[in-house]
Structures are given as structure tokens and as C-alpha cells.
Amino acid sequence: MYYVNIDQINLRLNTVPEITAALREVSSNWDGSLLYGMVQERALHLAIETVTDVGSYLIDGFILRDASSYEDIVEIVHEAGAFDEESYRLFMNLVSLRKPLVQDYYAWDRTSLHEMTVQLPAVLDRFGEQVRAYLELELGPFQKARS
């Protein structure tokens, strides 16, 4: 029997609407300002952490192969069937931004709208649905009540 920490997965998935709202606000009203640049930067960072945290909980809970990188987390969870191919491609690009956002933040261009800011909201919205559907498939419908 698997122990998948549904509560922790849901805590993270429940942040997605705020992240996507911020990304949509920034992309709709982009003016190149420092404020929007910082909001974009933080929203992208939170999106990365949300996707990889959820992925790590799935890997641990279903005892999938060990991940050695953020890209591995995305690949392993995709191979398990937790999300579709479009999400996989976008999330692989997304996690490649982690180092620039977290370690090289001093060099991040805050004056330009990043393409990921425009592309990510729709895929992130589906991410929660896809992960919850995967959990229901793997663990049974009784888990749905906890979502």
C-alpha cells in the first residue's frame, strides 16, 4: 500500500489559482515596471516550486525512481502519467528557469515579459486537475473527497 501525502499535495495545488492570477495580471498589463517585473519573477519561481514539490510528493508516495534534478522530477512524474505531453514540455522549460531565478537573480531581466508568463497559466490550471485525476486513478475514488 502506498502512502501518498494528499494533504501536502493539495496545499500546494491550492496555491495555483493565486499564481495563475498573478501571471495573468502581469501578462495583461505588462508595462516593464519593476513592480510587474518582480511579480513575474516571484510567480514563475512559485510555479516551479509548486510543480516540483507536487512531483516530489508523487515520487515519494508511489515509490517511483529517484530524481537527481528538477528536470528528473518532471520527467518521472510525466512518465508515471500524472500530466500530459504539453504540460511536460512546458514544465521542462519552466524548471530550467530555477537557477536563473534563485541563484542568478541579480542578472534576471525584470524589464521584459517572459514568454512563460503568457503560456503558463492555462497549463498550470490543468496541472491540478490532471494530478487529482491521476491520484484518483491510482488510489481510487475515495481520495476525491479529500481534494
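Along the sequence shown, the residues carry numbers beginning at 1.
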Enquirer: Could you note down all residue pairs passing ring pair (Phe, Tyr, Trp, His ring centres under 6.0 Å) where residues 88-113 supplies at least one of them, sequence neighbours left out?
Expert: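 Passing the test, one end in residues 88-113: H78-Y88, F83-F91, F91-F127, W108-H114.
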Enquirer: Which pairs pass salt bridge (Lys or Arg N to Asp or Glu O under 4.0 Å) with one or both residues in residues 89-102, sequence neighbours excluded?
Expert: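 As it turns out, the salt bridge (Lys or Arg N to Asp or Glu O under 4.0 Å) pairs with a partner in residues 89-102, which skip direct neighbours, are E49-R98, E85-R89, K99-D104.
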Enquirer: Report yes if some heavy atom in the side chain of T20 is under 4.5 Å from a heavy atom in the side chain of V16; otherwise report no.
Expert: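 Yes, at least one pair of side-chain atoms sits under 4.5 Å.
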Enquirer: Assess whether side-chain contact (heavy atoms from CB on, under 4.5 Å) is satisfied between L13 and V131, documenting all intermediate values.
Expert: CA-CA 9 Å; L13 290 177; V131 167; 4.0 Å; yes
Enquirer: Taking salt bridge (Lys or Arg N to Asp or Glu O under 4.0 Å) as the cut-off, I'd like each qualifying pair that reaches into residues 33-45, sequence neighbours left out, listed once.
Expert: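 Listed once each, the pairs are E41-R110.
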Enquirer: Rounded to the nearest 0.5 Å, what separation is found between the CD atom of E115 and the CG atom of L120?
Expert: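 Here the interatomic distance stands at 11.0 Å.
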Enquirer: Heavy atoms, side chains only, cut-off 4.5 Å: are L44 and I19 in contact?
Expert: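 They are not in side-chain contact.
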Enquirer: Do V95 and L46 sit in the same hydrophobic cluster, where Ile, Leu, Val, Met, Phe, Trp and Tyr count as joined when their side-chain heavy atoms come under 4.5 Å apart?
Expert: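 Hydrophobic grouping puts V95 with L46.
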Enquirer: Closest approach of P121 and L23, non-hydrogen atoms and distance?
Expert: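 The pair with the smallest heavy-atom distance is CG-CB, 3.7 Å.
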Enquirer: At their closest point, which heavy atom of Q130 faces which heavy atom of S87, and how far apart are they?
Expert: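 Scanning both residues completely, I find the closest heavy atoms to be OE1-OG, 3.7 Å.
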Enquirer: Sequence neighbours left out, what passes side chain to side chain donor-acceptor pair (under 3.5 Å) with T117? Give chain and number order.
Expert: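 For T117, the residues satisfying side chain to side chain donor-acceptor pair (under 3.5 Å) (neighbours in sequence not counted) are Q40.
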Enquirer: In the structure I gave you, are the side-chain heavy atoms of L90 and M116 within less than 4.5 Å of one another anywhere?
Expert: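 In contact.
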Enquirer: State, with a plain yes or no, whether a side-chain heavy atom of L11 is found less than 4.5 Å away from one of D7.
Expert: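 Sidechains of D7 and L11: no contact.
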Enquirer: Is there a side-chain contact between F62 and L139 (heavy atoms, below 4.5 Å)?
Expert: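 Contact flag for F62/L139 side chains = yes.
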Enquirer: Test: ring pair (Phe, Tyr, Trp, His ring centres under 6.0 Å). Region: residues 20-46. Which pairs qualify, not counting sequence neighbours?
Expert: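 Counting only pairs at least two positions apart or across chains, no ring pair (Phe, Tyr, Trp, His ring centres under 6.0 Å) contact touches residues 20-46.
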Enquirer: Apply side-chain contact (heavy atoms from CB on, under 4.5 Å) to residues L58 and Y134 and explain how you reach the verdict.
Expert: CA-CA 10 Å; L58 293 173; Y134 173 76; 4.3 Å; yes
Enquirer: Specify the closest pair of heavy atoms between L64 and A80, including all atoms of both residues, with the distance to one decimal.
Expert: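 Looking at all heavy atoms of both residues, the closest pair is CD1-CB, 3.9 Å.
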Enquirer: Let me check something: do L94 and M92 share a hydrophobic cluster, defined by ILVMFWY side-chain heavy atoms less than 4.5 Å apart, either directly or through other members?
Expert: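 They do share one cluster, since a chain of ILVMFWY contacts under 4.5 Å joins L94 to M92.
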Enquirer: Under 4.5 Å between side-chain heavy atoms, chaining through other members, with only Ile, Leu, Val, Met, Phe, Trp and Tyr counted: pull out the rest of the cluster around M38, sorted by chain and number.
Expert: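 Same cluster as M38: L34.
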Enquirer: Is there side-chain contact between I48 and L101, with heavy atoms separated by less than 4.5 Å?
Expert: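 The answer is yes, as the side chains (C-beta and beyond) meet within the 4.5 Å cut-off.
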Enquirer: To the nearest 0.5 Å, what is the distance between CD1 (I9) and OH (Y57)?
Expert: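 Between atom CD1 of I9 and atom OH of Y57 there are 8.5 Å.
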Enquirer: By side chain to side chain donor-acceptor pair (under 3.5 Å), which residues pair with D72, not counting sequence neighbours?
Expert: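 D72 satisfies side chain to side chain donor-acceptor pair (under 3.5 Å) with S68 only.
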Enquirer: Under the salt bridge (Lys or Arg N to Asp or Glu O under 4.0 Å) rule, what pairs show up with a residue in residues 18-40, not counting sequence neighbours?
Expert: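 The answer is R24-D125.
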Enquirer: Taking ring-ring contact (aromatic ring centres under 6.0 Å, His included) as the test, write out the residues that go with Y70, two or more places apart.
Expert: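 For Y70, no residue satisfies ring-ring contact (aromatic ring centres under 6.0 Å, His included) once neighbours in sequence are set aside.
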Enquirer: Determine, using the 4.5 Å side-chain heavy-atom cutoff (strictly less than), whether L113 and V123 are members of one ILVMFWY cluster.
Expert: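 No, it is not one cluster - the side chains of L113 and V123 are not joined through contacts under 4.5 Å.
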Enquirer: How would you list, by chain and number, every residue that makes a salt bridge (charged side-chain N to carboxylate O under 4.0 Å, His left out) with D84, sequence neighbours excluded?
Expert: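 Only R126 meet the salt bridge (charged side-chain N to carboxylate O under 4.0 Å, His left out) criterion with D84.
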Enquirer: Closest approach of A47 and L124, non-hydrogen atoms and distance?
Expert: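 Result for this residue pair: CB-CD1, 3.8 Å.
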Enquirer: Among residues at least two apart in sequence or on other chains, which ones pass salt bridge (charged side-chain N to carboxylate O under 4.0 Å, His left out) with D109?
Expert: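 Residues passing salt bridge (charged side-chain N to carboxylate O under 4.0 Å, His left out) with D109: none at all.
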Enquirer: Look at the side-chain heavy atoms of Ile, Leu, Val, Met, Phe, Trp and Tyr, link any pair under 4.5 Å apart, and say whether V54 and I63 land in one connected group.
Expert: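 Yes.
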Enquirer: Tell me, which pairs form a salt bridge (Lys or Arg N to Asp or Glu O under 4.0 Å) where one or both residues lie in residues 52-66, sequence neighbours left out?
Expert: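 Residue pairs passing salt bridge (Lys or Arg N to Asp or Glu O under 4.0 Å), neighbours aside: R12-D53, R65-E75, R65-E79.
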